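The model shown is predicted, which means the values in this text are computed figures rather than measured ones.
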Amino acid sequence: DAPLDARAQILLFVGRGPAVADNLPVGRAHELVAIAPGGGATRSVVPADASWTPTDGVAQYELAMQVAPSARTELGPTQLPQDAMGTATGTLGRVRVVTNPPGAKVYLLVGFGEARIDDLAASEAHELLIAREGAAPARVLVGPSDWRDGPGGKRLAELDVPARRPVAP
């Protein structure tokens, strides 16, 4: 396996549009990626200074994402503003993503190179995408058997990422 470089993007599957990304810190920027069935991807950023609307007692942000169909799925570079990530307010919110076409897969960018993702249910399977420049995204599943006991009673999963694969023409 090739080492994972610091620019590799790690994305967590949220659901198929319309989808909801829960427990996101309000006051921080968040990037989401939508991938159309059959190929094609688009990115969108919820800015750090976004206006969240109270909905059912939870801060919510509505995001519409249009995905142009394509024979290739290249995720491209991040659009997160490194100099404007913001500061968490202490409130958690949710982003509701409506996709066109409906049913597009929605992912949340959770880190670069290595990522620590807290509060995932160890009893469920979780899908990650690893996106590297010049390579097709690699899909990685974290299943119940991948978890082990860690310090302080926390459950941890550490994964090996598949080696770099070239983008298909």
Review point. How far apart are the C-alpha atoms of His126 and Leu128, what are their side-chain angles, what is the distance that settles it, and do they pass the side-chain contact (heavy atoms from CB on, under 4.5 Å) test?
Key: CA-CA 7 Å; His126 303 280; Leu128 300 173; 5.7 Å; no
Exercise for review: For the residue pair Pro47 and Tyr61, establish whether any side-chain heavy-atom pair is separated by less than 4.5 Å.
Suggested key: yes
Exercise for review: Answer yes or no: is there a donor N or O on one side and an acceptor on the other, between the side chain of His30 and the main chain of Pro25, under 3.5 Å?
Suggested key: yes
Hey, can you pull the donor-acceptor pairs under 3.5 Å for the side chains in residues 33-42, sequence neighbours left out?
none

Review point. Looking only at heavy atoms, which two atoms of Gly17 and Thr99 are closest? And how far apart?
Key: CA-OG1, 3.4 Å
Review point. Got a sec, which residues hit side chain to side chain donor-acceptor pair (under 3.5 Å) with Asp149, two or more places apart in sequence or on another chain?
Key: Arg155
Point to revise | Any residue meeting side chain to side chain donor-acceptor pair (under 3.5 Å) with Asp22, in chain and number order, not counting sequence neighbours | key: none
Check your understanding: Hey, any chance Leu75 and Val67 share a hydrophobic cluster, counting ILVMFWY side chains that come within less than 4.5 Å of each other, even indirectly?
Key -> no
Practice item. Using atom types as modelled and distance alone, determine if a side-chain donor or acceptor of Arg43 lies under 3.5 Å from a backbone N or O of Leu80. Key: no
Study note, to complete from the structure: For Arg96, the side chain to side chain contact (heavy atoms under 4.5 Å, CB included) test, sequence neighbours excluded, returns Pro18, Val20, Gln60, Glu62, Val98
Study note, to complete from the structure: Heavy-atom closest pair (Gln9 atom, Leu109 atom, distance to 0.1 Å) is CB-CD1, 3.8 Å
**Study point:** Atom pair CG (Leu129) and CZ (Phe13), whose distance is rounded to the nearest 0.5 Å
**Key:** 9.5 Å
Review point. For the residue pair Val97 and Met65, what are the closest heavy atoms and their distance?
Key: CG1-SD, 3.6 Å
**Study point:** side chain to side chain donor-acceptor pair (under 3.5 Å) partners of Gln79, counting only residues at least two apart
**Key:** none
Practice item. Not counting sequence neighbours, which residues clear side chain to side chain donor-acceptor pair (under 3.5 Å) with Thr55? List them please. Key: none
Study note, to complete from the structure: To the nearest 0.5 Å, atom CG of Leu24 lies from atom CG of Leu108 at 5.5 Å
Revision key, fill the gap. Ala59 and Val26 have their tightest heavy-atom pair at CB-CG2, 4.0 Å
Revision key, fill the gap. All heavy atoms of Val58 vs all of Leu92, minimum pair found to be CG1-O, 4.3 Å
Revision key, fill the gap. Residues Arg94 and Trp52: closest non-hydrogen pair is O-CZ3, 3.3 Å
Practice item. Rounded to the nearest 0.5 Å, what's the gap from CG on Leu32 to CG on Leu63? Could you check? Key: 6.0 Å
